[in-house]
Number of protein chains: 2
Amino acid sequence: MHNLTVRYGSGVTDDLVLRRQVCFALYAASRALTDVYRPILDGLGLTYPQYLVLLVLGERDEAATVSALGECLHLDSGTLSPLLKRLEGAGLVVRRRSAADERRVEVELTAQGRALRERMADVPQQVARATGLATADLVALRDTLTRVTETIHRQKEQ
Amino acid sequence: MHNLTVRYGSGVTDDLVLRRQVCFALYAASRALTDVYRPILDGLGLTYPQYLVLLVLGERDEAATVSALGECLHLDSGTLSPLLKRLEGAGLVVRRRSAADERRVEVELTAQGRALRERMADVPQQVARATGLATADLVALRDTLTRVTETIHRQKEQ
DNA sequence: CCCAAATCAATTGTGCACAACTTGACTGTG
DNA sequence: CACAGTCAAGTTGTGCACAATTGATTTGGG
């Protein structure tokens, strides 16, 4: 029992202690899934967080503030400010100080940004296919994950 | 229908389009869970990836090479080299070129590293509790996630 | 009205992740 | 033995994440 590693299907060596931990499964799955996104999003010139920001902005008629985006994505200005600056540099969004409250910055898609968002339409299906799971499994997985996230955020407030 | 955002329990605003995507659920849950780890691991002076490396090393009698660690954790030398350098700087591991094959670097826990690993014993329970899920749910979640990860890695080889 | 507290975005600094490249070491074939 | 090809680890550069701080603005209580 001096060797606790196992070798399975994919040729990947993994560790039993590691495999027992949900956290590692979550960490590994999250990175594996962004690996699936990467080549697809590369074709659009986007990173995964940038893709998420465009998704949110595309659902709104009006502009979103940085903090509103942050609430949606659970990200702070330290992450979003440079990301938005890059999106602006790429001509996909515009940023301007709110007239009503000069602390706020309003972010909005440009015509080019809206055009790109159209091209994003079939990304979810492509990715879902790559997971190799049935739709029902994906829905169940998503709901469990959302439950975990909400439980954690709820407990943090107390 | 000009506002597609909803407000629920925790006071967090979220977006319907976002919530439909498994990938976002995975991304959000992964970061929420590392948020749970952070304060616990801070007390040990570790980051989450550093904690994972110590977990793997603690399961082995012998030293591990950088690439063996990379296979376990699905990380490359670009991530591991600086991380291991920091662990070495903290006195938790030692690194040395393999005598048999000088391309390889062997990594091993120091006495201090093994002592820290003892103190890591109850981290998983603390974290599992914070997720607010029953053990059976956690096991099911973990297995689904592992399945997703393995499916993705398997498809990437073809 | 005034000012202390709160709010918002940006910045700074640290530490992952990952692609692309470099350097040094091994391996197999002729 | 030579040497092309391969392999391991490290380095460089980009882009998140997140803590902590800064600076500008707004808000609310006295």
Side-chain angles (χ1 to χ4, degrees), chain A residues 23-24 27-39 41-42 45-54 63-90 93 95-107 153 156, chain B residues 24 27-39 41-42 45-54 63-71 73-90 93 95-107 153 156:
Chain A
C23 53
F24 175 70
Y27 169 74
S30 177
R31 278 182 304 125
L33 204 51
T34 59
D35 278 353
V36 174
Y37 272 91
R38 204 182 317 282
L41 295 181
D42 264 2
L46 294 174
T47 65
Y48 181 64
Q50 288 168 6
Y51 163 78
L52 293 177
V53 167
L54 293 187
T65 63
V66 173
S67 57
L69 287 172
E71 251 186 300
C72 284
L73 301 168
H74 310 311
L75 292 173
D76 66 8
S77 68
T79 301
L80 287 173
S81 290
L83 187 157
L84 291 169
K85 199 182 287 183
R86 281 186 285 272
L87 286 181
E88 189 173 43
V93 305
R95 291 188 297 167
R96 59 168 177 280
R97 288 278 162 186
S98 162
D101 182 344
E102 298 230 334
R103 290 170 307 181
R104 296 169 182 272
V105 167
E106 292 169 347
V107 184
H153 283 132
K156 204 161 41 174
Chain B
F24 175 70
Y27 169 74
S30 177
R31 279 183 302 125
L33 205 51
T34 59
D35 277 354
V36 174
Y37 272 91
R38 205 182 317 281
L41 295 180
D42 264 2
L46 295 173
T47 65
Y48 180 63
Q50 290 168 5
Y51 163 80
L52 292 177
V53 167
L54 293 187
T65 63
V66 173
S67 57
L69 287 172
E71 250 186 299
L73 301 168
H74 310 311
L75 293 173
D76 67 7
S77 68
T79 301
L80 285 173
S81 289
L83 187 156
L84 291 170
K85 199 184 287 184
R86 282 186 285 273
L87 286 181
E88 190 172 43
V93 305
R95 291 189 298 167
R96 58 167 179 281
R97 288 278 162 188
S98 161
D101 184 344
E102 297 231 334
R103 289 172 305 181
R104 295 169 183 273
V105 166
E106 293 169 347
V107 184
H153 283 132
K156 205 163 37 174

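Chain naming here is simple, since letters A, B, ... match the order of the sequence lines and numbering starts at 1 in each. Since the model is a prediction, treat every value here as computed from it, not as a measurement.
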In this structure, how many angstroms lie between the P atom of dC18(C) and the OH atom of Y37(A), rounded?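 Between P of dC18(C) and OH of Y37(A): 16 Å.
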
What pairs of nitrogen or oxygen atoms, one from the protein and one from nucleotides 9-12 of chain C, lie under 3.5 Å apart?
| from | atom 1 | to | atom 2 | distance (Å) |
| --- | --- | --- | --- | --- |
| dA9(C) | OP1 | V66(A) | N | 3.3 |
| dA9(C) | OP1 | V105(A) | N | 3.3 |
| dA9(C) | OP2 | S67(A) | N | 2.8 |
| dA9(C) | OP2 | S67(A) | OG | 2.9 |
| dA10(C) | OP1 | R95(A) | NH1 | 3.1 |
| dA10(C) | OP2 | S81(A) | OG | 2.7 |
| dA10(C) | N7 | S77(A) | OG | 2.7 |
| dT11(C) | OP2 | K85(A) | NZ | 3.1 |

Can you name the residues that form a salt bridge (charged side-chain N to carboxylate O under 4.0 Å, His left out) with R86(B), not counting sequence neighbours?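 Salt bridge (charged side-chain N to carboxylate O under 4.0 Å, His left out) check on R86(B) returns nothing, list empty.
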
Mind checking side chain to side chain contact (heavy atoms under 4.5 Å, CB included) for R97(B) and listing every partner two or more places apart, or none if nothing turns up? V105(B)

Are P49(B) and L83(B) side-chain neighbours, meaning at least one heavy-atom pair lies under 4.5 Å? yes

Knowing that exactly one of L84(B), D76(B), L75(B) qualifies, which makes a side chain to side chain contact (heavy atoms under 4.5 Å, CB included) with V66(B)?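 When L84(B), D76(B), L75(B) are each tested with V66(B), the side chain to side chain contact (heavy atoms under 4.5 Å, CB included) holds only for L84(B).
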
Run the ring-ring contact (aromatic ring centres under 6.0 Å, His included) test against Y51(B) and tell me which residues pass, sequence neighbours left out.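 Partners of Y51(B) under the ring-ring contact (aromatic ring centres under 6.0 Å, His included) test: Y37(B).
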
For P49(A) and S98(A), find the nucleotide of DNA chain D closest to each by heavy atoms; which residue's nucleotide sits nearer the 5' end? P49(A)

Contact interval (first through last nucleotide) of DNA chain D with protein chain A, 4.0 Å heavy-atom: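 For DNA chain D, the relevant span reads dG15(D) to dT26(D).
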
How long is the span from the CZ atom in R38(A) to the CG atom in L33(A), to the nearest 0.5 Å?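 R38(A) atom CZ to L33(A) atom CG measures 11.0 Å (nearest 0.5 Å).
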
Using 30° and 60° as the class limits, which term best fits the ring planes of Y27(A) and Y48(B): parallel, tilted or perpendicular?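 The arrangement is perpendicular - the two ring planes meet at more than 60°.
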
Tell me which pairs pass salt bridge (charged side-chain N to carboxylate O under 4.0 Å, His left out) where either residue lies in residues 98-107 of chain B, with sequence neighbours left out.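 Salt bridge (charged side-chain N to carboxylate O under 4.0 Å, His left out) check on residues 98-107 of chain B returns R96(B)-E106(B), D101(B)-R103(B), D101(B)-R104(B).
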
